[in-house]
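What follows is a set of notes on a single structure, which appears directly below.
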Amino acid sequence: FITFTALGRQAVMDGVESDVRIAPTSMGVDVVAFVGEEEAEEAGRMQGTTEFQLAHEFYDAYKACRKLHSAEEGDPPSQADLDALSGKLKAIALRVGQLRLFSPNEELDDVGTADLKFLLVPSLLGGVLGATCDLAERPRTLRQALVCWRGFAADCQRLGVAHRDDIRSIDRNPEDALDAASKRDEKIARYKRSKEVDEKVAHLFAKKRAVLGDEFHWGHGSGFDEDMERELILALLGRAVAQAAEDIGSAEQELPLLDLMAARGGPGKAPKRPPPSTEKPFIVKIQDKAECTRLYKEMVFQCPYQLPTMSLAEAADIEMAEMHEREQAKAMRQRDQMYEESDRWLSGDRQGAKEADDEEKKTYKDRDWDDWKDEHPWGSGNKMANVS
């Protein structure tokens, strides 16, 4: 079994099996318990690997995970491939803990760029475990994936990489669930943030591929310096936290259905029907004809539809109260966003920082627009060819 450690968060939710647990003792991923036989062999193979060799192992694992996500849109991967990939990621996590690449006392600036990519390991492992195809093993692996995602989010929150709204969504109690309108606004805002990050990541990967020849080559060169490499990894970490918030919500909704399916006997099994009753039906015999006539008369003059349980004024009061709650929640989100912007730019004390960030976003947008115009020259879509 596996024990992941994360700082400052009780990540084990109710119902998680005892073989997967989190101890708030250190930072990063630390596999300290026994694993399966095949996973133990993989961990033994990496026992003596150096940090440089571990980077090559991470290269193969990350490339396989990217192929896994692209294959999910078409043919799903086999369970054997998923098991092999999860075993490799667990071995990498174990070796990262043995090398002590991360410390709970470190801040983001203290973590080296060459080590920063290993923070993605629990996120990648959670995605592989969450893609399990075996319905009999899926409840267990899905609970393990929840532990991976929550531990990964804890590390990113500690380093200040994760977005505040994503952390708030992950830490939200089931009793504090949002209404439909607020949940929709939250998903739209997360989608917009994720889309911007995806465009940034795609641009940096394309530049790395043009300079180094391989977009998944972790390192920097003359045309792709260390600052750009660090910016790429931080963007991947932020995007992984947003994806973890989505995956945790989906997993928490799926687990009760899987438990219900297991209670019925497994996939494809119908619910058990209660045995037929052996008692005879209860029959009331009316001997008096006048009593029977009276009962029929009472059944004649009755309302043909269900009577309302509240007045229109009461229903209006309930709707007004719900509207006020939605407005208060919206105002609170706007206030939190304003505070976040104020904290990010130190209430205007960082002279030129916000302008530089806006200029960088504008540069990326203009660069993408220039690339699109180069790929689609003026008049290329005119089939009549009447362009002078």
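- Remark: Leu108 CG to Leu237 CG distance equals 8.5 Å, nearest 0.5 Å.
- Here the CG atom belonging to Asp166 is positioned 12.0 Å from the CZ atom belonging to Arg164, to the nearest 0.5 angstrom.
- Residues satisfying the salt bridge (Lys or Arg N to Asp or Glu O under 4.0 Å) criterion with Glu291, sequence neighbours excluded, are Arg294.
- With Asp165 as the partner, the salt bridge (charged side-chain N to carboxylate O under 4.0 Å, His left out) test is satisfied by one option alone out of Arg193, Arg333, Lys192: Arg193.
- No side-chain heavy atom of Ile92 sits less than 4.5 Å from a side-chain heavy atom of Tyr62.
- At a threshold of 4.5 Å between non-hydrogen side-chain atoms, the residues Asp155 and Phe102 do not count as touching.
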Kindly indicate, with the supporting measurements, whether the criterion side-chain contact (heavy atoms from CB on, under 4.5 Å) is fulfilled by Glu360 and Glu231.
CA-CA 13 Å; Glu360 181 183 3; Glu231 184 180 2; 2.9 Å; yes
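- At a threshold of 4.0 Å, the pair Asp259-Arg143 counts as salt-bridged, since one of the basic side-chain nitrogens sits closer than that to a carboxylate oxygen.
- Inspection of the Glu137 and Thr132 side chains reveals no N or O donor paired with an N or O acceptor under 3.5 Å.
- We find the OG-CG distance between Ser250 and Leu255 to be 11.0 Å, quoted to the nearest 0.5 Å.
- With rounding to the nearest 0.5 Å, the separation of OH in Tyr339 from CE in Met332 is 10.5 Å.
- A salt bridge is defined here as a Lys NZ or Arg NE, NH1 or NH2 lying under 4.0 Å from an Asp or Glu carboxylate O, and Glu252 with Arg150 meets this definition.
- Between Leu82 and Val128, the shortest heavy-atom distance links the atoms O-CG1, 3.5 Å.
- Arg138 and Glu254 are joined by a salt bridge, as a carboxylate oxygen and a charged side-chain nitrogen come within less than 4.0 angstrom of each other.
- Counting heavy atoms from C-beta outward, His163 and Arg190 have side chains that stay 4.5 Å or more apart.
- Contact check on Glu186 versus Arg172 returns a salt bridge, with a Lys/Arg side-chain nitrogen under 4.0 Å from an Asp/Glu carboxylate oxygen.
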Requested in this report: Under the side-chain contact (heavy atoms from CB on, under 4.5 Å) rule, what do Tyr364 and Lys361 come out as? Steps first, then yes or no, please.
Outcome: CA-CA 5 Å; Tyr364 280 117; Lys361 292 181 180 178; 5.8 Å; no
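- Residues Leu142 and Leu129 have side chains not in contact (no heavy-atom distance under 4.5 Å, counting atoms from C-beta outward).
- Leu258 CG to Thr141 OG1: the interatomic distance, rounded to the nearest 0.5 Å, is 8.5 Å.
- Between Glu229 and Lys117, none of the side-chain N atoms (NZ, or NE/NH1/NH2) sits under 4.0 Å from a carboxylate O, so this pair counts as no salt bridge.
- The two residues Arg158 and Pro104 come nearest to each other via the heavy atoms NH2-O, 3.0 Å.
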Check: Would Arg168 and Asp336 satisfy salt bridge (charged side-chain N to carboxylate O under 4.0 Å, His left out), going step by step from the backbone distance to the final call?
Finding: CA-CA 11 Å; Arg168 187 184 300 113; Asp336 293 341; 3.5 Å; yes
Working note: Lys330 + Ser182, criterion side-chain contact (heavy atoms from CB on, under 4.5 Å); need CA distance, chi angles, decisive distance, verdict. CA-CA 8 Å; Lys330 185 177 181 180; Ser182 300; over 6 Å; no
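- The structure places CH2 of Trp149 at 7.0 Å from CD1 of Ile248, a figure rounded to the nearest 0.5 Å.
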Does the salt bridge (charged side-chain N to carboxylate O under 4.0 Å, His left out) test come out yes or no for Glu246 and Lys187, once each step is laid out?
CA-CA 9 Å; Glu246 292 286 345; Lys187 285 183 174 291; 3.1 Å; yes
